[in-house]
2 protein chains.
Amino acid sequence: MATHSNLPLSVVKIGGNVVDKPEALTSFLHDFHQLKGRKLLVHGGGVLASKMAERLGITTKMVNGRRVTDAETLQLVTMVYAGWINKSIVAQLQQIGCNAIGLSGVDGNAIPSARRNPEPIDFGFVGDPITRKMDGELITTLLEKEIVPVFCAITHDGNGSLLNTNADTVASSLAISLSKQYRTTLYYCFEKEGVLRDVNDSESLIPLINRETFAQLREQGVIADGMIPKLDNSFSAIQEGVSEVMILHARNLLQKRGTMLIG
Amino acid sequence: MATHSNLPLSVVKIGGNVVDKPEALTSFLHDFHQLKGRKLLVHGGGVLASKMAERLGITTKMVNGRRVTDAETLQLVTMVYAGWINKSIVAQLQQIGCNAIGLSGVDGNAIPSARRNPEPIDFGFVGDPITRKMDGELITTLLEKEIVPVFCAITHDGNGSLLNTNADTVASSLAISLSKQYRTTLYYCFEKEGVLRDVNDSESLIPLINRETFAQLREQGVIADGMIPKLDNSFSAIQEGVSEVMILHARNLLQKRGTMLIG
């Protein structure tokens, strides 16, 4: 396949907290549309799936504090993420002149994935992308036609099963696989300013972290909890070819203001 | 755009009655995969949307015997058609080696549509494809990459609203718009052998109908009820460039056995 390794590509992940707020989402989508160059969007789920589950009387099964995706839950999250949320976002982007196309990982086999090992605990229809199997061909074709892919975090195992997948991981696996063809920046947009020294102080933003300072901050306990897997994931992506990762507030996408992670 | 006017294209529509039966659907998808040459699939909805509506306590509003798609119903049908049914079909096709991609009319603006006039009766978020605005560019790009588009019958108005659309009309508008580039055959697959002289006698298949014999059969009352709009729709498609239309049982797709409509 032709490479476009000098061409920049933005892989932007937007969290469920923003997807849930109509005004914040609309404002974000306008900014996303303004973003220059080749780009793609990955969106999280938001609370609609939980609300629907409640209305349908589907109870969330938990094992060791982690959610299990049984057949009924898989159907529900596929309806909500790949159906309503994905198509609503695409309709909004089309309205403002952005030629978006809504996809899941099963479409064009864009994200071949593997179901998690059911031993010792079976989490059901949950899986992880197999980055080395992602050829990026469909996505590259779309990007070169100036079509903007919008991915939900539903993938498949190639044996007929859809799989519920972590949206951060979908974004990083897309960024990694496309970094063979493009100079790729991965943006994690969420509801905080970036990585903060003090989670209660939005002024305490750490503007730049490299692998060394990450190790130090982690040792000092400054980076903890949910931020550790996000940064682990980010540094893996950088190791596998992504040029840089930005962690930032959804409203700061265009200014690129937040925490920049480099190798 | 380049034309491929000597290349055949099959536009296949599968009805909700087949979508609802897992074994019939699987068998149909195997046949569809065997179909030679460029092809795309359009699927109907089936009963899942009604079942979900019941479980969610969404009541179907009817005006003059026709269903109204309010905001809640639009969300529901988008979840079911564009989410679960579309992605399940694509996962099955991928499993058997068919590189399918699931789309709705909003994706890549494949099917620009117009909301139905709310006067005298407002049927809500319901619309019809604007065939002259369908450029077929995205679909042609996919077909020439040997990717098989699978469409649900959700479209959009370009102003941010998704629209519930008749699946037969989605299929005929796709066939018409693509007949500029391809020699197009439109297949309506359903649960009957084709157009029957006697609806209770599956042996009474009428193998060939042209515009003249259609007028006669209609006058004689042989073709009545739901079959009239289907045939009207089909002859319009032929008038607008589609080479032929087949109306046939889903199990007879490969044998092409059913009723053939020609100009």
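Chain letters run A, B, ... following the sequence lines, proteins first and then strands; every chain starts at 1.
For chain B, the option among A:Gly108, A:Ala82, A:Ala91, A:Ser88 with the highest count of heavy-atom pairs below 4.5 Å is A:Gly108. For chain B, the option among A:Val77, A:Leu138, A:Val106 with the highest count of heavy-atom pairs below 4.5 Å is A:Val106. Note on A:Cys98, A:Ala100, A:Gly57: by heavy-atom pairs under 4.5 Å with chain B, the leading option is A:Ala100. Ranked by heavy-atom pairs under 4.5 Å with chain B, the first of A:Gln92, A:Met52, A:Lys87 is A:Lys87. Ranked by heavy-atom pairs under 4.5 Å with chain A, the first of B:Leu56, B:Leu74, B:Thr141, B:Asn86 is B:Leu56. The residue among A:Val148, A:Ile101, A:Leu103, A:Ile147 with the most heavy atom pairs within less than 4.5 Å of chain B is A:Ile101.
Here the straight-line distance linking atom CH2 of B:Trp84 with atom CD of A:Gln75 works out to 5.0 Å at 0.5 Å rounding. Atom CG of residue A:Leu142 and atom CG of residue B:Asp107 lie 10.5 Å apart, to the nearest 0.5 angstrom.
Listed in order of number, the residues of residues 154-165 of chain B that approach chain A to under 4.5 Å between heavy atoms are B:His156, B:Gly158, B:Asn159, B:Gly160, B:Leu162. Annotation: residues 11-21 of chain A contacts chain B through no residue [non-hydrogen atoms, separation under 4.5 Å].
Between A:Glu72 and B:Arg55 there is a salt bridge, since a side-chain N of the basic residue sits under 4.0 Å from a carboxylate O of the acidic one.
Atom CD of B:Glu191 has more than 12 neighbouring heavy atoms from other residues, nucleotides or ligands inside a 6.0 Å radius. Within a 6.0 Å sphere centred on CD of B:Gln255, heavy atoms belonging to other residues, nucleotides or ligands number more than 12.
With a 4.5 angstrom heavy-atom cutoff, B:Asn109 touches chain A via backbone and side-chain atoms both. In this structure, chain A has no heavy atom under 4.5 Å from any part of B:Leu29. Looking at B:Leu48, the atoms closer than 4.5 Å to chain A (heavy atoms on both sides) all sit in the side chain, from C-beta outward.
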